Colleague: 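Before I ask anything, here is the structure I am working with.
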Number of protein chains: 2
Amino acid sequence: MKTADPELMRAINRFHVMDAIRRFGPVSRVELSQLTDLSPTTVSAITAALLDDKLIVPLQVGALRDLGRGRPRVMLKLNPDAARVVGVKLAADQITIAVTNFCADVLGSLALPIRIDRQTASVIADLVEDGVRRCVSDAGLEMSDISGLCVGLPGVVERAAGVCRQSPIFGERDVAFGPSLTERLGVPVTIDSDVNLVALAEHWFGQAREINDFLVVSVERSLGLGILHNGELFRGANGLGPDLGDMMVRLPGPGGGGRLADLASETAVLAEAEPLLRNYDDDATATPKRRLSLLLQRAAAGDERCVALLAAAGEALGFAIANLIALFAPPKVIISGRLLATSEHFVEPLRRSVAAFLPPSLADVADIVMREWSDGFWVRGAAAMTLRDLYGAPWGTTGPALLREAPQTGGEPL
Amino acid sequence: MKTADPELMRAINRFHVMDAIRRFGPVSRVELSQLTDLSPTTVSAITAALLDDKLIVPLQVGALRDLGRGRPRVMLKLNPDAARVVGVKLAADQITIAVTNFCADVLGSLALPIRIDRQTASVIADLVEDGVRRCVSDAGLEMSDISGLCVGLPGVVERAAGVCRQSPIFGERDVAFGPSLTERLGVPVTIDSDVNLVALAEHWFGQAREINDFLVVSVERSLGLGILHNGELFRGANGLGPDLGDMMVRLPGPGGGGRLADLASETAVLAEAEPLLRNYDDDATATPKRRLSLLLQRAAAGDERCVALLAAAGEALGFAIANLIALFAPPKVIISGRLLATSEHFVEPLRRSVAAFLPPSLADVADIVMREWSDGFWVRGAAAMTLRDLYGAPWGTTGPALLREAPQTGGEPL
DNA sequence: TTCTTTATTTTGATACGCGGATTAAATCTG
DNA sequence: CAGATTTAATCCGCGTATCAAAATAAAGAA
């Protein structure tokens, strides 16, 4: 814990104000004063500083006239042009990149449907570098306009060090991807688990805006877990993001290990489904997505074995989720998976097994919802992660400090 | 998060100083300045206030002469008489109570070997009340000398509300034990999971003094889990302490549920061992402790089935611990169990299964150690929990605020 | 135009931490 | 034994923070 000095004090209150402005759209100073429990005087001082730094702007007058007499409120909002950041999402078969402004509005995006799976880290870094440069220039910007970049990827990530301990998309272990990209692009780069990004996105502009504790589970090629706990992203002891795929849900048996990744990921389900699909889909080289949808079709058509297979996967995931609920007691669990999570043959068993495995004292604490995220959503989460740093949350391990003074362009002062 | 004002600032720094004094015994102001990163001026001001409040005292001169010239340092330490607190540990077959001073030195203790198992909550509250009054008076104190009390008990506890959601020692659910005792004793009472207390005790005066992230697992009648994460006790969303017994480690099968409590607790092990022991111990009414030690004897003597039984329990616990390590990545895991944890036939399989189930990227992060706690240790943890509140940690949900101005008696000013 | 009402800013008071100068209390030196 | 030296702790003044109260600004209402 840092020592408390006036600077920290100001940083904390400044962050409160910024956060309130971000969350509650255009707000007046009086409202901010109520929202933050700060005195009007202090709010005035802080907003003056923020206006001075061009991080916020007063809303053009003539906007919403609040019925009533008195002096009209001046509404304040984030200055979209206060900074630009880049978000990158790495998946096995696609690189998605987006440039956003300070409000996390997407200014330009780029999707590269490339299999980066098992490529060298440096090759991937090359691809990302090129993609980012291209995306930035397509948005009519220079790299020097960019204040920061965040890369989300599946696997175990040590955010503080910028190191990816292990990921399905890297052959290597312990890849220092963050520093590598920082050097290539000349811009501060952070990396994080992809699911953390989407968890932050849900918290900032998704379904979980009001909720400070929730779990995010993504079922894709691999399994991801993001935890928001007490309003902060949860990380293990070294800032390590936990990997849901590493959770054990069965005793390792003859059929394979008991890791959840071996039971409920797309990859695992497809591997098991292979013999079942052989009759219907001779093309074993079809994309996983196609093969998965074939499996779902077969299940929907009533193929017992396909149904059982999906049910087994759902149950395994439910087992793990029940354990997580027992630990974190989150009021909400958000589950997503490009295809799997859309099938009742997967979701129903999942729900049932969560209910069955949850201790009675925790029954009904967690509301389990399914949700599909576009690539844009992930990437917006990545951008949000960088913005969060720019806002300057003074507590928690914010990771490497980004430049505080963001390059400015427009913004009209009072 | 609270809003930051000068008061919070001072509270934070004051806590830093108090914490440093607690941890590093008698220290001088210069040392405090280095330890806390505060300027000598500030340390001087804060210690002056603490001396004024009689929370700390200067060590009698003539103490350790630090070789060197200059003006000698004045060593400061906690004022033992600044407050008295009571710690209570509730177990199925025993109530342990201790009164400590402000340094967590035990002034008097009392052990009531009573089976409170399945008693009414109000009966138990009666017993605790009487015990506390007795223990306090035996220590030559009045109840009015007591600043606070903390009760530790197994099960799921919602500390903030003082409610025990569910516990093996209460027949009822949702027992508002804290408020009930507060009213009876006229003293602020908090309750917490017993394992949290022992985790705090390890952090304050045990093996984990230098470590800010570790797990504590207790294998007794029931299973307990305490988590220290980032230097703070980890709690679920509503301040709920997670219960290790509720973790699922197997699919529920014909042999029973897959809850860890049904597989690795003393109770579960004994239930399974019952048929094996029948030949050797006809007295089925013997204490669990005796029967357990008989089981261990049999295993040590080479009884295959007893060995297998212990191994199965150890493996199940290892399974759960591996999952917890995957989540929290703690450098240390402390395991205790009155008897089970002392047997290699239990511990070895546990270690093996942790190693087997842990993902390779996390192999060797956690050092697993066995540890036996005396009842005094638990109770000292309970006292420490109350002291922690008195010290006034300004962050985190410290629960109900205790009186800030503690009753004073001695303490010699400069 | 003048009052009323509400939002924001200005003013004055207070609390805090910090750096530099100062005092305190010992040892060392001659 | 007196003065120099050294190290610890405190005092003084500055800058900054919040906050309460008073003052000002900007509207509508009379």
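Note on naming: letters A, B, ... go to the chains in the order of the sequence lines (proteins, then strands), and numbering restarts at 1 for each one. Computed over heavy atoms, backbone and side chain alike; hydrogens, waters and symmetry mates excluded. Keep in mind it's a predicted model, so treat the numbers as computed, not measured.
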Colleague: Write down the atom of B/Ile146, the atom of B/Val187, and the distance for their closest heavy-atom approach.
Modeller: O-CG2, 3.8 Å
Colleague: Report each atom pair, protein N/O against N/O of nucleotides 28-30 of chain C, whose distance is under 3.5 angstrom.
Modeller:
{"from": "C/dC28", "atom 1": "O4'", "to": "B/Arg69", "atom 2": "NH1", "distance (Å)": "2.5"}

Colleague: Tell me: CZ of B/Arg29 to C1' of D/dT7, nearest whole Å?
Modeller: 14 Å
Colleague: Taking only residues two or more places apart in sequence or in another chain, which ones pass side-chain hydrogen bond (donor to acceptor under 3.5 Å, both in side chains) with B/Thr42?
Modeller: B/Ser39
Colleague: Once you round it to whole Å, what is the distance between P of D/dT18 and CG of A/Leu32?
Modeller: 14 Å
Colleague: Quick one: which residue pairs count as a salt bridge (charged side-chain N to carboxylate O under 4.0 Å, His left out) with a foot in residues 31-45 of chain B, not counting sequence neighbours?
Modeller: B/Glu31-B/Arg73
Colleague: Just to verify, what does B/Pro6 make a side-chain contact (heavy atoms from CB on, under 4.5 Å) with, not counting sequence neighbours?
Modeller: A/Met9
Colleague: Taking ring-ring contact (aromatic ring centres under 6.0 Å, His included) as the definition, give me every residue that meets it alongside B/Phe328, ordered by chain and number, with sequence neighbours left out.
Modeller: A/Phe234, B/His229, B/Phe234
Colleague: Between atom CG in A/Leu76 and atom C1' in C/dA7, what is the gap in whole Å?
Modeller: 12 Å
Colleague: Taking only residues two or more places apart in sequence or in another chain, which ones pass side-chain contact (heavy atoms from CB on, under 4.5 Å) with A/Ala161?
Modeller: A/Glu158, A/Val163
Colleague: Rounded to the nearest angstrom, tell me the gap between atom CD in B/Gln34 and atom P in D/dA9.
Modeller: 11 Å
Colleague: Between B/Leu59 (CG) and D/dA9 (P), how many Å, whole number?
Modeller: 13 Å
Colleague: Could you tell me which residues satisfy side-chain contact (heavy atoms from CB on, under 4.5 Å) with B/Leu228, sequence neighbours excluded, listed by chain and number?
Modeller: B/His203, B/Phe214, B/Leu233
Colleague: A/Arg73 CZ to D/dA25 C1': how many Å, rounded?
Modeller: 16 Å
Colleague: Could you run down nucleotides 13-24 of chain C 5' to 3' and tag each one B, S or - for protein heavy-atom contact under 4.0 Å?
Modeller: ---SSBBB---B
Colleague: With sequence neighbours excluded, tell me which residues meet side-chain contact (heavy atoms from CB on, under 4.5 Å) with B/Arg22.
Modeller: B/Asp19, B/Leu78, B/Trp204, B/Tyr391
